[in-house]
Amino acid sequence: MTERFTGSFTQQEPIPEEGIEAALAVLRHGRLHRYNTAPGETAETALLEQEFAELVGAKYCLAVASGGYALGCALRAVGVKPGDRVLTNAFTLAPVPGAIAALGAEPVFVGVTESLTIDLADLAEKVCDPRAKVLMLSHMRGHLCDMDRLMKICTAAGVTVIEDCAHTMGAAWDGVPSGRHGRVGCYSTQTYKHANSGEGGLLVTDDEEVAARAIILSGSYMLYERHLAAPGPEVFERVKYHTPNVSGRMDNLRAAILRPQLRALEGQVARWNARYALVEDGLRGVPGLTVIERDPRGRFVGSSIQFLLLDWAPSRVRTVLERCAARGVELKWFGGGEPVGFTSRYDSWRYVEAPPMPLTDRVLRGIVDMRLPLTFSEDDCALIARIIRAEVGAVYQS
Ligand SMILES: *Cc1c(COP(=O)(O)O)cnc(C)c1O
C-alpha cells in the first residue's frame, strides 16, 4: 500500500481561547485604535509592546501593521535615504528587498552558503562599499549565521545591522534572542509566522532615538506618552519635528490576540522543534539529499524545514516535487525559473540591478522547502519524512 498524507500545509492552529476572549472584550468596548483609551485604561497594544520588550530583553518595542512595515520603518529610523545602498540576503523573501526599494534605496545582495546562511566572506567584501552603511540581515527560514563574526565584520566597517526576524521569533544565538544583536530587530505576526494576528509586526531596539523616530513614523500623532516601551519625552522633543508620519500602527484587536500567544511561545517552540527533529531524522542518509546542519550555538524554531538536492538536473527536482505532491506532500523549490508563491529569488526582483552570483545560484537551485504547521502531529511528520525519503530515493536511482 502506498502511504498518502492528507493534512494541510497552510492550516495553523486556532487562536487560543484566552486570545479569543480578549479580542471579544476589545470588540465589545469598541476602542480598537491604540490611542483610543478610556480614562485610566492601558491599551492592549501598549501592553503587548511592554511584554514583547521584556520577552526579548529590549529597552523599547513598537507594534506595527506588518513585518514588512517594521522593516521599512527600521530603515527610515536608522536614517536610510533614497539612493543609499542597503546590503541584504540574496536568499530571502520579497518583502525584504521590497522594503529597501520602497525607500528609493538600492538593495545589494549578499550570497548564501550551503548552510543557508549569509555568506560572511561575501559580506566582508561588500561592507567595504562606502555607499552601503546598513545591512538588512534576513534570518531566512530560521537559519542563523555566526552572529559574533557577522557583528564583528559590520561593526568594523561601521555598518548598522537591522535584523529581519520573521522566521526567528523565539530563536537565539549563543543565548541572545534573535533580533538583539543588531541595532533593530523586526518580527512579523502574519498568519504563517510564529504568532498569528493575521497581519502584524513588532520592532525592538535599545537605541532611544531610533525608538522615538519609529514611534513617530508609525503614526503616533504626538500621543507617544501613551507608550510603555518607549523612551522619555525629551527624546521625542529632539526628533518629532523632523520625522514624517508614515502610518502603520497596530490596533488593539490584534494586540489582544497576540498577548496570550507570546506567553505560550516557549512551549510552541518545543512543539515545532519536536516535529522538525522527526522530519530531519527521517531524511538523514538519503543518497543525493543534503540535510542542513545547524550550528549548535543557534537555537532555532523548526516551523519549516529545508533540504538540498544539490546539483540535480531541474527536471529531476521537478519529478521529486510532482511525486511528493501526488502523495499529499507539498514541497516548494527555490530553483524554478519563475517565482511560485513565496519562492522568489534575487533574480526575480527585476527592479534591482543584481549581478549574477554563481555560487548562490547553485545553492538556490538546490533548495527544497516545506512548512511544518503545528496542526501536524508527530506521526504526520514521520509519515511525511517516509514519503520524501521514498520519492527522492526513487528519482535518484532512476
Ligand atoms: C513574512 C516575511 C516578512 C514580512 O512579513 P509581513 O508581515 O508579511 O509583511 C519579512 N521577511 C521574511 C523573510 C518573511 O518571511
Side-chain angles (χ1 to χ4, degrees), residues 9-10 12 45 48 52 61-76 86-103 105 107 109-110 112 116-118 134-145 161-171 178-179 182 184-204 214 217-218 246-251 253-255 257-258 261-262 272 300-306 332 334 339-346 348-349 352 360 364 367 369-373:
F9 283 80
T10 51
Q12 304 289 38
T45 311
L48 169 71
F52 191 69
C61 175
L62 173 68
V64 294
S66 73
Y69 182 88
L71 296 174
C73 184
L75 288 168
R76 285 192 171 88
V86 176
L87 303 169
T88 193
N89 306 57
F91 175 45
T92 185
L93 294 180
V96 178
I100 298 167
L103 255 106
F109 297 115
V110 183
V112 64
L116 303 193
T117 55
I118 193 164
V134 173
L135 166 66
M136 178 160 272
L137 172 65
S138 186
H139 301 296
M140 178 64 176
R141 290 291 182 257
H143 298 276
L144 295 163
C145 71
V161 177
I162 296 171
E163 294 179 70
D164 166 25
C165 303
H167 305 160
T168 55
M169 182 188 277
S178 186
V184 189
C186 300
Y187 308 79
S188 169
T189 61
Q190 187 239 73
T191 293
Y192 300 108
K193 315 298 164 96
H194 299 169
N196 175 10
S197 59
E199 304 286 354
L202 291 156
L203 177 159
V204 299
L217 280 162
S218 75
V246 185
S247 279
R249 293 170 301 274
M250 184 179 277
D251 57 81
L253 184 57
R254 295 184 206 181
I257 292 171
L258 286 171
Q261 292 184 55
L262 292 181
W272 258 309
F300 65 98
V301 182
S303 55
S304 70
I305 188 163
Q306 295 71 43
K332 305 284 176 180
F334 278 84
V340 180
F342 55 78
T343 59
S344 63
R345 275 196 317 240
Y346 76 95
S348 328
W349 307 316
V352 183
T360 286
L364 288 173
I367 301 175
D369 181 25
M370 186 179 80
R371 287 185 210 276
L372 283 175

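In listed order, ligands and their atoms are each counted from 1. In what follows, every heavy atom counts, from backbone to side chain, and hydrogens, waters and symmetry copies are set aside.
- The main-chain N or O of Ala65 is found under 3.5 Å from a side-chain atom of Arg254 such that the two form a donor-acceptor pair.
- Relative orientation of the Trp349 and Phe109 rings is tilted, given thresholds of 30° and 60° on the angle between their planes.
- Contacts of His139 classified as ring pair (Phe, Tyr, Trp, His ring centres under 6.0 Å), with partners at least two apart in sequence or in another chain: none.
- Summarising the geometry, atom CD belonging to Glu199 is positioned 10.0 Å from atom CE belonging to Met250; distances are rounded to the nearest 0.5 Å.
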List below, pair by pair, the N or O atoms of ligand 1 and of the protein that are less than 3.5 Å apart, including the distance to 0.1 Å; reply 'none' if no pair qualifies.
| residue | atom | partner | partner atom | Å |
| --- | --- | --- | --- | --- |
| ligand 1 | 5 (O) | Ser188 | OG | 3.4 |
| ligand 1 | 7 (O) | Gly67 | N | 2.8 |
| ligand 1 | 7 (O) | Ser188 | OG | 2.7 |
| ligand 1 | 8 (O) | Gln190 | NE2 | 2.9 |
| ligand 1 | 9 (O) | Gly67 | N | 3.4 |
| ligand 1 | 9 (O) | Gly68 | N | 2.7 |
| ligand 1 | 11 (N) | Asp164 | OD1 | 3.3 |
| ligand 1 | 11 (N) | Asp164 | OD2 | 2.9 |
| ligand 1 | 15 (O) | His167 | NE2 | 2.6 |
| ligand 1 | 15 (O) | Lys193 | NZ | 2.9 |

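- Between Phe52 and Tyr187, the two ring planes are perpendicular [angle over 60°; tilted spans 30° to 60°].
- With rounding to the nearest 0.5 angstrom, the CG atom of Leu48 is 10.0 Å from the CD atom of Gln261.
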